[in-house]
Amino acid sequence: MSVLVRLLGEVGTEVDGRPVDLGTPKQRCVLAALAVDAGRVVPVERLVERISGTEGAARSRATLHSYISRLRRSLADASSVSIVRRSGGYALIADTIEPVTDLHRFRDLCTQARGDDADAVSSWTEALALWRGQPLTGVDGAWAEAERDRLVLERQAAEHDLADALLRLGKGGQLVSELSGRSAQQPLDERVAAQYMLALHQVGRTIDALEQYRQVRARLVEELGTEPGTALQELHQQLLTADCALTTAVRARTATPRQLPMAPTPFVGRRGELELLDASAVVTAIAGSGGVGKTWLALHWAHQNLHRFPDGQLYVDLRGFSPDGDLLDPTAAVRGFLDALGVESGRIPIEPHAQTALFRSLVAGKRMLLVLDNAADTTQVTPLLPGSGSCTVLVTSRNRLPGLVTGHGARHLSLDVLDDAAAHDLLVARLGAAQVSSEPDAADELVRLCGGFPLALSIIAGRVHTYSGSSLPTVALELRECMLDVLDEGDPVASLPAVLSLSYNVLTSEQALVFGLLAIAPGPDIGLPAAACLTGLSHARTRTVLRGLEQASLISQDASGRYSLHDLIRRYAASRELAADVREAALRRVVGFYLHTAHAADRLVHLHRVDIELDPPDCALSLPDAAAAMQWFRTEHLCVLAAQHTASTLGWLKAVWQLAWSLSTFHQLRGHHHDQIATWQAALSATDPAVRVLGHRQLGIAHTELGRHPEAMDHLRQALTLAEQQGDETAQAHTHTVLGRAYEQQGDDRRSLEHCVRALELCRALGNQVWEARALNGVGWAAARLGEHDLAREHCLAALDLHRAHHDPSGEAGVLDSLGYIAHLAGDHEVAVAHYRESLALQRELAFDYGIAEVLSSLGAPHAALGQHDEARAVWQEALEIYQQQGRAEEAERIQERLDTLE
């Protein structure tokens with residue numbers, strides 16, 4: 001069965017020569033959008049943009065599936081062609097060896113036009129015969145128009161090549177009429193002029209050929225201020241002298257530049273980036289840090305797409321970041337391009353702007369690729385941009401070149417490190433599958449240590465190849481011990497520190513200082529307020545400096561505005577020397593920022609907690625309410641943990657326990673029990689007895705929640721003993737409350753009630769009504785578990801009144817949960833649902849995920865008891881998702897069993 005998708009004319013499909021009904025114009029557009037990249041995945045985003053443009057993309061996404069389904073039905077008889085769903089998009093796939101589209105057949109025939117002229121004429125003639133009018137006829141939209149223009153240029157290039165071959169065979173008589181029209185349409189194209197003149201001469205019209213030269217020369221002088229090129233002048237002279245060797249002028253004129261360096265090997269990954277390049281923006285700026293693979297990506301894509309640039313490829317290394325710091329002047333680059341395009345030195349104007357104008361005139365309308373590698377800035381690139389949209393330009397730079405994006409409409413492609421799979425593939429490609437598979441653990445460790453940095457992985461592979469006795473485990477060990485030394489081979493091309501130094505050396509002194517400070521900042525990333533404290537600069541100045549480092553591709557900023565360094569770049573930055581006093585002052589400021597902001601956030605979340613006294617802050621962030629405080633904790637959690645580690649390492653013991661205190665409420669509400677244990681273990685190094693009581697109690701709480709009962713009881717008994725020895729009734733009261741919870745977890749409800757009652761007695765003696773309310777709730781809960789429902793309800797209602805009187809929503813939510821539990825045990829399921837719903841609303845308002853999950857888990861039971869299975873299923877499903885997100889496997893398993901029971 002023969003299947004052909006037609007694009008070079010009206011869009012359509014033929015099966016054994018019979019047309020297939022493709023349906024609506026939109027469906028034809030979908031087919032065309034897939035067929036121009038037949039055999040390759042077209043991402044959904046690009047597909048919907050091709051169908052409806054950027055403005056209609058959202059609407060088209062919703063209908064894309066229906067278009068695809070209808071097209072599949074239309075193509076049902078074309079069994080050798082199918083539309084398949086692949087990761088991220090769709091692809092038109094053919095089972096045949098032959099190209100399935102006339103476009104791809106056309107390109108293959110043009111590529112085959114090699115060897116003698118007779119064979120070339122045959123191939124080009126067959127290729128051009130595939131055209132049946134304007135390409136993509138019947139398909140509208142911006143994408144179709146742009147693609148149509150590109151395809152027309154491809155056809156024109158083939159027509160020019162066919163004309164040259166026919167002229168070399170002496171068949172100019174077949175071309176006179178066609179070349180007359182082409183010359184009128186392109187009056188400044190010297191290639192067309194030479195072809196027309198030679199065709200006229202071959203049919204005996206030499207005088208007309210000489211007149212054509214006179215007209216072309218006059219227009220070139222008038223419009224461009226330049227004489228015709230040597231090839232055209234020589235053809236004119238040959239016509240005057242009746243020289244028989246006239247074909248040499250045509251041959252000289254048809255030479256095209258092929259300046260691309262060798263294609264990089266091996267090349268792995270980058271599928272998404274390659275697809276983005278396939279979208280054919282006129283100018284694409286590929287930005288990324290040194291050694292991340294920008295040049296390799298540009299060259300790999302260029303070699304894979306040579307067929308798209310029949311008029312040649314130009315390449316220049318602009319030396320924006322080179323060891324000798326010698327930038328290539330753009331004037332020199334333009335002169336190099338003119339030489340490559342065959343312009344004789346006598347025709348090249350003296351003034352740089354005139355050279356640029358001549359360059360743009362020569363490439364106007366041509367389908368050429370320009371690779372401008374290693375650019376320093378937009379100023380260096382601008383003179384090298386062609387004036388014609390027919391050319392494609394790839395620019396690589398460590399700078400993000402915002403001026404190129406803003407001023408010239410370039411598309412920005414930010415190149416990041418390889419993912420783990422691609423990094424592993426690179427090791428396999430460099431070292432061989434046998435070696436990597438024989439030492440899988442070491443290979444995985446190398447991938448992790450190199451963090452997906454292509455240059456680092458290549459250096460490691462080169463080290464294994466170069467040094468006898470090197471194995472993956474030994475190199476991994478060396479990398480762990482002295483990473484930057486291992487990645488420095490002494491050769492600037494094979495040294496990550498040397499490559500990074502080229503970016504570092506062009507920083508201002510202020511940027512270099514901030515770069516070094518970011519390397520020692522606690523945490524995996526940093527927000528602007530913390531960065532301002534770290535640097536000691538204003539927010540505005542800090543933002544400016546960070547923007548400069550980001551444009552230099554030394555740091556990155558995510559969608560939420562947080563800044564980070566790749567681990568290898570962080571190590572390099574940390575190797576830059578910082579004065580000891582500068583380093584310590586910066587760390588004190590940033591640790592103080594995290595401490596004071598965490599403390600303030602905790603006070604918003606837990607209004608009635610016993611407070612601690614901090615030293616005056618250098619800087620801190622002001623938060624408006626409890627919800628904002630919880631969001632800040634979620635965002636900064638890892639950084640606050642790292643700040644405590646920094647304080648511990650530097651011996652700042654007071655900050656260590658104060659940070660642990662400030663994190664405690666968040667850890668409990670979010671279920672971060674392991675982090676709670678780690679922070680309070682560090683805090684126990686404090687010598688203050690009151691802090692040790694607090695530390696043992698917090699550790700007891702965390703171990704209790706994790707079901708580690710012996711460890712929990714050991715810490716709680718130490719806490720109670722120390723509190724009694726110090727006569728601290730407040731600490732005793734809180735410790736009895738926690739002991740009540742611990743005994744409940746162990747199933748000893750009677751002893752749990754005893755400790756809750758003792759806590760209540762102490763809180764009443766202390767006169768703190770909020771603490772009394774929490775103790776009342778504890779007694780109520782323990783009594784409910786013992787079946788003493790009336791006693792339980794009485795204590796919990798008293799607790800609810802106190803919490804509401806003191807505007808304590810957190811305590812109120814906890815009591816409502818207890819009342820729901822009591823009502824459910826008593827068989828009052830509707831009342832239970834009402835109490836749980838009130839508690840849930842408060843928990844959601846406060847963003848207490850741990851409490852939300854607990855209430856949802858409890859709420860399902862009264863719904864199920866009332867026969868409200870859909871409601872029970874909904875709340876248990878949400879609880880299950882939260883438990884899974886929190887890694888609480890035991891609770892998740894319990895909820896799943898309840899869901900299975902409903903089924």
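The figures here come from the full heavy-atom set of this structure, side chains too, leaving out hydrogens, waters and symmetry mates.
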- Task: Provide the full list of ring pair (Phe, Tyr, Trp, His ring centres under 6.0 Å) pairs with a residue in residues 855-877, sequence neighbours left out, each pair given once.
- Result: none

- Message: Show me the pairs that pass side chain to side chain donor-acceptor pair (under 3.5 Å) and involve residues 810-819, at least two apart or across chains.
- Response: N777-S818, R804-E812

- Message: My understanding is that only residues two or more places apart in sequence, or in another chain, count here; which of them pass salt bridge (charged side-chain N to carboxylate O under 4.0 Å, His left out) with D425?
- Response: none

- Who are the salt bridge (charged side-chain N to carboxylate O under 4.0 Å, His left out) partners of R708, not counting sequence neighbours? none

- Message: Pairing donors with acceptors under 3.5 angstrom, does anything connect the side chains of Q668 and E705?
- Response: no

- Query: Excluding sequence neighbours, so at least two apart, what forms side-chain contact (heavy atoms from CB on, under 4.5 Å) with D420?
  - Reply: V447

- Task: Using a 4.5 Å cut-off on heavy atoms from C-beta on, say whether the side chain of F453 contacts that of L418.
- Result: no

- Message: Which residues pass the side-chain contact (heavy atoms from CB on, under 4.5 Å) test with D419, not counting sequence neighbours?
- Response: A421, A422

- Task: Just jot down the side-chain contact (heavy atoms from CB on, under 4.5 Å) partners of A33, sequence neighbours excluded, or say none.
- Result: L47, R50, W143

- Is D567 paired with R570 through a side-chain N to carboxylate O contact shorter than 4.0 Å? no

- Any ring pair (Phe, Tyr, Trp, His ring centres under 6.0 Å) involving residues 780-817? Give me the pairs, sequence neighbours left out, ordered by first then second residue. W781-Y821

- Query: Can you name the salt bridge (charged side-chain N to carboxylate O under 4.0 Å, His left out) partners of D444, sequence neighbours left out?
  - Reply: none

- Query: So how far is it from Q644 CD to W657 CH2, rounded to the nearest 0.5 Å?
  - Reply: 12.0 Å

- Query: Pairs in or reaching into residues 698-717: which pass ring pair (Phe, Tyr, Trp, His ring centres under 6.0 Å), with residues at least two apart or in two chains?
  - Reply: H696-H715, H703-H715

- Note on the structure: With sequence neighbours left out, the residues meeting ring-ring contact (aromatic ring centres under 6.0 Å, His included) with H829 are H824

- Task: Quick one: list whatever passes side-chain contact (heavy atoms from CB on, under 4.5 Å) with E854, sequence neighbours left out.
- Result: Y850, Y883, R888

